[in-house]
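Every number for a ligand or one of its atoms is a count from 1 in the order of the listing. Residues: numbered from 1 along the sequence shown.
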Amino acid sequence: MSTQYRVAVVGATGAVGTKMIEMLEQTSLPLAEVKLLASKRSAGKTLNFNGQELVVEELVPESFEGIDLALFSAGGGISKKFAPEAVKRGAVVVDNTSYFRMDPEVPLVVPEVNKEALHQHKGIIANPNCSTIQMMVALEPIRQAAGLDRIIVSTYQAVSGAGAQAMEELKRETLSYLDGTPANELNPEILPSGGDKKHYPISFNALPQIDVFAEDDYTYEEWKMINETHKIMDDQAIKVAATCVRIPVFSGHSESVYIETKEKTDVAAIKALLEKAPGVVLEDDPSNQIYPQALNSIGKKETFVGRIRRDLDVENGFHMWVVSDNLLKGAAWNSVQIAETLHEMDLLRVE
Ligand code: A2P
């Protein structure tokens with residue numbers, strides 16, 4: 001086993017990939033080499049890593065020769081095709097796409113919640129959906145203490161979750177609208193979902209569609225929150241409903257989360273738990289207008305929780321506001337944190 005790891009970032013030029021590079025600059029993992037991979041279009045470009053200019057290479061199966069760890073964020077199709085190529089060559093893959101998440105052979109991990117699942121890995125570990133991760137970090141301490149019967153979540157998600165081009169689309173539409181272009185002439189091309197037929201402006205708008213529609217008229221993003229919660233918490237009985245909404249924010253996902261606990265608890269007990277929970281920052285002081293905000297979460301690895309209130313009608317019902325940087329804890333940081341945890345558990349290798 002290497003004592004220093006050779007790491008590849010797949011999708012290094014993307015919204016998440018560039019953050020993966022930043023997280024690798026800060027990691028406690030001993031690194032021997034960082035290799036940046038993207039499409040042919042980006043081959044030859046350079047990106048900075050710890051003051052060094054690294055040349056981006058075109059992704060091919062042979063890119064993984066000699067690689068110990070591969071962080072993927074280049075879309076599900078790329079993970080489907082290339083993650084097995086990486087594992088075949090001895091690399092452990094941490095995949096940020098949804099492609100392997102529900103595969104029973106693949107652990108789906110939020111280190112604060114279920115790092116023990118890493119023992120089961122066979123080369124690929126899936127990084128959960130960004131909205132799911134921050135909700136899990138906030139709710140796991142409450143589940144441990146009082147059980148969780150039901151979750152109802154509404155999300156307010158940033159455009160960076162849809163990639164670098166979606167961020168450009170928000171910027172272009174905003175400038176264009178402020179310049180006097182009418183809403184029906186903004187020519188959206190990506191959002192709400194690059195894979196769907198119609199596109200709507202995101203600037204000055206709120207779109208109740210993330211990913212395409214699926215069973216029971218829930219979107220895939222909503223199904224991801226439901227199914228991934230069950231898998232990560234290893235409990236199919238938790239009732240989960242989600243409404244996922246894209247809003248014109250560049251980064252930082254916000255969520256209004258309603259829960260019903262199995263056992264009796266109260267707001268003070270929940271606050272006390274979250275105050276010392278790993279990865280959580282409690283920001284909850286209404287008298288001083290202190291609560292989590294998307295803008296303040298940018299660049300931070302933690303999940304911020306506030307506005308914790310009892311429901312006025314349901315005895316074990318509670319409401320809260322949960323915010324995190326979707327590109328960091330929701331993606332790049334959780335992936336690198338999984339790699340650090342694998343290293344600590346002596347599991348950063350393919351058996
Ligand atoms: P490229 O910049 O060369 O297109 P985002 O999620 O921000 O849209 O980024 C997607 C990432 O996935 C980018 O780094 C992009 O590289 C990469 N990517 C897209 N298609 C491919 C491909 N066919 N092979 C390798 N990387 C790809």
Can you check whether [X] has an N/O within less than 3.5 Å of an N/O in ligand 1?
| X | value |
| --- | --- |
| A15 | yes |
| A164 | yes |
| S42 | yes |

**Q.** Worked verdict on I133 versus T303 for side chain to side chain contact (heavy atoms under 4.5 Å, CB included)
**A.** CA-CA 9 Å; I133 294 177; T303 295; 5.9 Å; no
**Q.** From the candidates A162, S39, S63, the one that places a heavy atom nearest atom 27 (C) of ligand 1
**A.**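 Residue with the shortest heavy-atom distance to the ligand atom: S39.
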Q) Considering S160, S73, A331, which one's heavy-atom position lies nearest to atom 10 (C) of ligand 1? A)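 It is S73 whose heavy atom sits nearest to atom 10 (C) of ligand 1.
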Q: Indicate the ring-plane relationship of F72 and F64, choosing parallel, tilted or perpendicular according to the 30° and 60° boundaries.
A: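 F72 and F64: parallel rings.
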Does this structure show an ion pair linking [X] with [Y], if we count only N-O contacts that are shorter than 4.0 Å?
| X | Y | result |
| --- | --- | --- |
| K40 | E57 | no |
| K224 | E221 | yes |
| R172 | E168 | no |
| R307 | D284 | no |
| K329 | E302 | no |

Q | Shortest non-hydrogen contact from K115 toward M345 | A |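 Heavy atoms only, the tightest pair is O-CE, 3.5 Å.
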Go through ligand 1 atom by atom and flag the ones less than 4.0 Å from a non-hydrogen atom of [X].
| X | value |
| --- | --- |
| A12 | 14 (O) |
| L59 | 25 (C) |
| I78 | 21 (C), 22 (C), 23 (N), 24 (N) |
| T13 | 1 (P), 2 (O), 3 (O), 13 (C), 14 (O), 15 (C), 16 (O) |

What is the closest protein heavy atom to [atom], and at what distance does it sit?
| atom | value |
| --- | --- |
| atom 9 (O) of ligand 1 | G14 CA, 3.2 Å |
| atom 20 (N) of ligand 1 | R41 NH2, 3.7 Å |
| atom 6 (O) of ligand 1 | G163 CA, 3.8 Å |
| atom 18 (N) of ligand 1 | A74 CB, 4.0 Å |

Q) For V16, is the nearest heavy atom under 4.0 Å from an atom of ligand 1? A)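 Not so, V16 does not reach ligand 1.
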**Q.** Residue-ligand contact Q165/ligand 1, heavy atom below 4.0 Å
**A.**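 So Q165 does not count as touching ligand 1.
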Q: Examine the proximity of ligand 1 to V10 and report which part, side chain or backbone, both or neither, has a heavy atom under 4.0 Å away.
A: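 Contact part for V10 vs ligand 1: neither.
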Could you pull out every donor-acceptor pair under 3.5 Å between side chains of residues 254-264 and any protein atom, sequence neighbours left out?
residue	atom	partner	partner atom	Å
Y258	OH	E260	OE2	2.6
T261	OG1	E263	O	2.7

Q. Is the gap between the ring centers of F213 and W223 under 6.0 Å?
A.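 Aromatic pair excluded; centres sit 6.0 Å or further apart.
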